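Nothing here was measured: the structure is a model prediction, and the numbers come from that model.
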Amino acid sequence: MMRIARLEDRTQVGGLGQLELLGKPRDSECAWIENVSDHGARVISRRRWRAGERLLITSRFPPFHSTPASVVYCQTLLEGLYAIGCESTMGGILQLLERTAEDSNPTDAPALENSAGCGGGLSHAAPTKS
């Protein structure tokens, strides 16, 4: 099978985001967004997602940009962590990472779980927008 190359460049800079199942705002979690282009990203999640599910990705820091996306794949990384490929036909994923330069890089599960941007842990609560 022939593999098709990505059309957009990707940035390796990452940042925290909030994932929410579209139409179910209480079904959300904090996640790490990485390998980002304007129309796609790899997201590290504590939840297993199914291909085709629609979600809303929102930045964890002001000005709280959001973009709808579809799950393209979900891959098990380690117990309790999954890599999901997300695609947004509307674009805007790069805007979610505006403040990532000073954010930490979670190289392992504890860093992601203990992130201050996630309220001290990965939770199922919506981001506070104060």
Checklist entry - Do Ile33 and Leu16 have side-chain heavy atoms sitting under 4.5 Å apart? => result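 In short, these two side chains do not touch, never coming nearer than 4.5 Å.
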Next on the checklist: Could you check whether any side-chain heavy atom of Arg50 comes within less than 4.5 Å of a side-chain heavy atom of Val71, counting everything from C-beta outward?
Outcome noted: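 The answer is no; the side chains never approach within 4.5 Å.
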Next on the checklist: Tell me if a side-chain donor or acceptor on Ser59 pairs with a main-chain N or O of His65 at a distance below 3.5 Å.
Outcome noted: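 Yes; at least one donor-acceptor contact below 3.5 Å.
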Item to check | Flag, side chain of Ser45 to backbone of Arg47, donor-acceptor distance under 3.5 Å | outcome: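 Yes: the side chain of Ser45 pairs with the backbone of Arg47.
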Checklist entry - Taking it one step at a time, do Val43 and Trp49 satisfy side chain to side chain contact (heavy atoms under 4.5 Å, CB included)? => result CA-CA 11 Å; Val43 180; Trp49 292 79; over 6 Å; no
Distance-only donor-acceptor pairs under 3.5 Å for side chains of residues 87-94, two or more places apart:
{"residue": "Ser88", "atom": "OG", "partner": "Thr67", "partner atom": "OG1", "Å": "3.0"}
{"residue": "Ser88", "atom": "OG", "partner": "Pro68", "partner atom": "O", "Å": "2.9"}
{"residue": "Ser88", "atom": "OG", "partner": "Met90", "partner atom": "N", "Å": "3.4"}
{"residue": "Ser88", "atom": "OG", "partner": "Gly91", "partner atom": "N", "Å": "3.2"}
{"residue": "Ser88", "atom": "OG", "partner": "Gly91", "partner atom": "O", "Å": "3.4"}

Item to check | Nearest non-hydrogen partners of Phe64 and Thr58, listed with the distance | outcome: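 Between these two residues, the closest heavy atoms are O-CG2, 4.3 Å.
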Point-to-point distance, once rounded to the nearest 0.5 Å, from [atom1] of [X] to [atom2] of [Y]:
X	Y	atom1	atom2	answer
Ile57	Ser66	CD1	OG	9.5 Å
Arg46	Leu81	CZ	CG	5.5 Å
Ile84	Tyr73	CD1	OH	9.0 Å
Gln18	Cys30	CD	SG	6.0 Å

Item to check | Partner residues of Ala83 under the side chain to side chain contact (heavy atoms under 4.5 Å, CB included) criterion, sequence neighbours left out | outcome: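 Per chain and number, Ala83 pairs via side chain to side chain contact (heavy atoms under 4.5 Å, CB included) with Arg42, Ile44, Gln75, Leu77.
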Checklist entry - Given a cutoff of under 4.5 Å between side-chain heavy atoms of I, L, V, M, F, W and Y, with clusters grown through shared members, what are the other residues clustered with Tyr82? => result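 Direct or chained contacts put Tyr82 with none.
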Checklist entry - Under the 4.5 Å side-chain heavy-atom rule for ILVMFWY, direct or indirect, which residues accompany Leu56? => result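 ILVMFWY cluster around Leu56 also holds Leu22.
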